[in-house]
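What follows is a set of notes on a single structure, which appears directly below.
Because the structure is predicted, anything quoted here is derived from the model rather than measured. No hydrogens, no waters, no symmetry mates; every other heavy atom, side chains included, goes into these values.
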Amino acid sequence: MTKTLGLIGTGMIGGALSRLAVAAGLDVVVSNSRGPQSLADLVAELGPRARAATPAEAAEAGDLVVATIPLRAYDRLPAAALAGRTVIDTMNYYPERDGRLPELDEGGTTSSTLVQRHLADSRVVKAFNSIDFHHLFIGARPVGAPDRSALPIAGDDPAAKAEVTALLDTLGYDAVDLGTLAESWRSEPGTPVYVQPYIPRQPEGLSQEEAGRWFFESPIAPLPAARVEELLAQAVRGPAGGTLPAGALGD
């Protein structure tokens with residue numbers, strides 16, 4: 001059972017997950033590339049269940065660890081400290097931010113496979129990469145709620161996926177297992193399940209400023225597990241990478 005969630009990266013997704021975890025009664029250890037002192041405001045907001053640390057300390061403290069940094073920095077994750085642990089990979093490939101990664105551009109692998117290669121002694125599970133930070137935070141619902149949403153996960157280790165499924169349940173989401181890390185492209189940018197299904201239809205005629213305000217005021221569009229499964233099945237693999245959406249920054 002997850003009692004402490006370690007987070008490496010405290011951008012929009014990391015911040016949303018840390019808030020959901022504290023609300024669910026978990027302890028959190030947050031970290032980023034700028035050092036614990038830069039996280040004083042976040043820790044103060046989260047309260048006594050939270051503390052700041054270095055990435056290696058967060059890795060060692062967490063029963064589960066979330067890696068939510070820009071993909072370009074995946075090889076800076078502390079592999080030794082993460083050895084033997086289940087690592088949740090929220091990262092997506094955005095060339096405008098990450099630069100070009102030839103292995104991904106050639107289409108022979110997935111970003112999570114690269115992360116697993118770097119973290120050879122860890123169990124990597126892809127999750128939380130298919131939803132924006134705002135709707136992730138406001139969309140959590142208790143077990144049995146009729147408007148509970150589901151999120152896709154992928155991984156090579158069944159036990160690790162079971163751990164992550166239990167965490168999603170604790171945080172307020174169902175999980176849909178889409179397969180191995182080699183299949184994780186089905187939830188990446190440009191696929192039918194990515195971001196848009198969780199957002200209500202935007203009113204027409206909004207200015208850019210009005211659209212931005214509408215986004216932050218919009219509720220989640222509930223997406224049940226059966227619909228997630230349908231969208232995953234519709235995915236067709238295209239060129240790797242996507243356009244950076246609001247809230248995709250991870251550190």
Side-chain angles (χ1 to χ4, degrees), residues 1-9 13-14 16-18 20-22 24-31 53 55-69 71 74-75 77-92 109-131 136 140-144 148-188 193 224-226 228-229 232-233 235 250:
M1 179 181 296
T2 301
K3 296 181 179 179
T4 300
L5 188 66
L7 292 106
I8 301 176
I13 294 293
L17 288 174
S18 65
L20 287 175
V22 166
L26 302 182
D27 293 329
V28 299
V29 181
V30 295
S31 68
E57 290 167 343
E60 292 168 352
D63 299 310
L64 288 177
V65 182
V66 180
T68 180
I69 61 177
L71 182 65
Y74 80 89
D75 58 356
L77 291 168
L82 289 167
R85 298 186 181 278
T86 295
V87 179
I88 301 171
D89 166 23
T90 78
M91 297 176 275
N92 287 315
T109 190
T110 66
S111 61
S112 289
T113 301
L114 294 183
V115 175
Q116 179 67 84
R117 185 189 306 169
H118 173 63
L119 302 178
D121 296 321
S122 304
R123 300 173 296 274
V124 173
V125 177
K126 187 85 163 186
F128 302 114
N129 67 299
S130 62
I131 188 171
L136 170 63
R141 297 290 187 273
V143 176
R148 199 182 211 215
S149 292
L151 298 171
I153 68 170
D156 297 338
D157 186 292
K161 286 195 283 189
E163 289 182 274
V164 176
T165 295
L167 176 67
L168 262 69
D169 188 46
T170 297
L171 298 185
Y173 287 89
D174 294 330
V176 173
D177 185 349
L178 68 84
T180 65
L181 295 180
E183 291 292 307
S184 62
W185 61 267
R186 292 183 178 276
S187 68
E188 290 179 347
V193 80
V228 170
E229 291 173 354
L232 291 169

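Screening residues 173-183 for side-chain hydrogen bond (donor to acceptor under 3.5 Å, both in side chains) gives R148-D174, K161-D177, E183-R186 as the qualifying pairs, with residues at least two apart or on separate chains.
Taking OH from Y74 and NE2 from H118, the interatomic distance works out to 8.0 Å, rounded to the nearest 0.5 Å. The CG atom of D63 sits 9.0 Å away from atom CG of L26, with the distance rounded to the nearest 0.5 Å. Rounded to the nearest 0.5 angstrom, D89 CG and S111 OG are separated by 6.0 Å. Going from atom CE of M91 over to atom CD1 of I13 covers 12.5 Å, rounded to the nearest 0.5 Å. Within the model, atoms CG of L17 and CG of L136 stand 5.0 Å from one another, a figure rounded to the nearest 0.5 Å. Distance check, rounded to the nearest 0.5 Å: CG of L7 to CD1 of I88 gives 8.5 Å.
Side-chain contact annotation: S122 with R85, donor-acceptor N/O pair under 3.5 Å absent. Looking only at atom types and distance, the side chain of E188 has no donor-acceptor partner in the side chain of T110 under 3.5 Å away. At a cut-off of 3.5 Å, with distance as the only test, a side-chain donor of T68 or T90 sits close to an acceptor on the other residue. Between the side chains of K126 and S112, at least one donor-acceptor pair of N or O atoms lies under 3.5 Å.
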- Verify side chain to side chain contact (heavy atoms under 4.5 Å, CB included) between F128 and L171, making sure each step is shown before the conclusion. CA-CA 11 Å; F128 302 114; L171 298 185; 4.0 Å; yes
- Task: In sequence, state the C-alpha distance, the side-chain angles, and the governing distance for L5 and L167, and then conclude on side chain to side chain contact (heavy atoms under 4.5 Å, CB included).
- Result: CA-CA 9 Å; L5 188 66; L167 176 67; 4.0 Å; yes
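For the side-chain contact (heavy atoms from CB on, under 4.5 Å) test with Q116, the passing option among V125, V124, D157, T109 is V124; the others fail.
In this structure, the side chain of D156 engages the main chain of L181 through a donor-acceptor pair within 3.5 Å. In this structure, N92 contributes its side chain and N129 its backbone to a donor-acceptor pair below 3.5 Å.
Of all heavy-atom pairs spanning L178 and P152, the tightest one is CD2-CB, 3.8 Å. The two residues A79 and L119 come nearest to each other via the heavy atoms CA-CD2, 3.7 Å. The heavy-atom pair separating L82 from A59 by the smallest distance is CD2-CB, 3.4 Å. Shortest non-hydrogen contact noted between S130 and S187 is CB-O, 3.8 Å. The minimum heavy-atom distance linking A58 with V65 is given by the pair O-CG2, 4.2 Å.
By the salt bridge (charged side-chain N to carboxylate O under 4.0 Å, His left out) test, E60 pairs with no residue at all, sequence neighbours left out.
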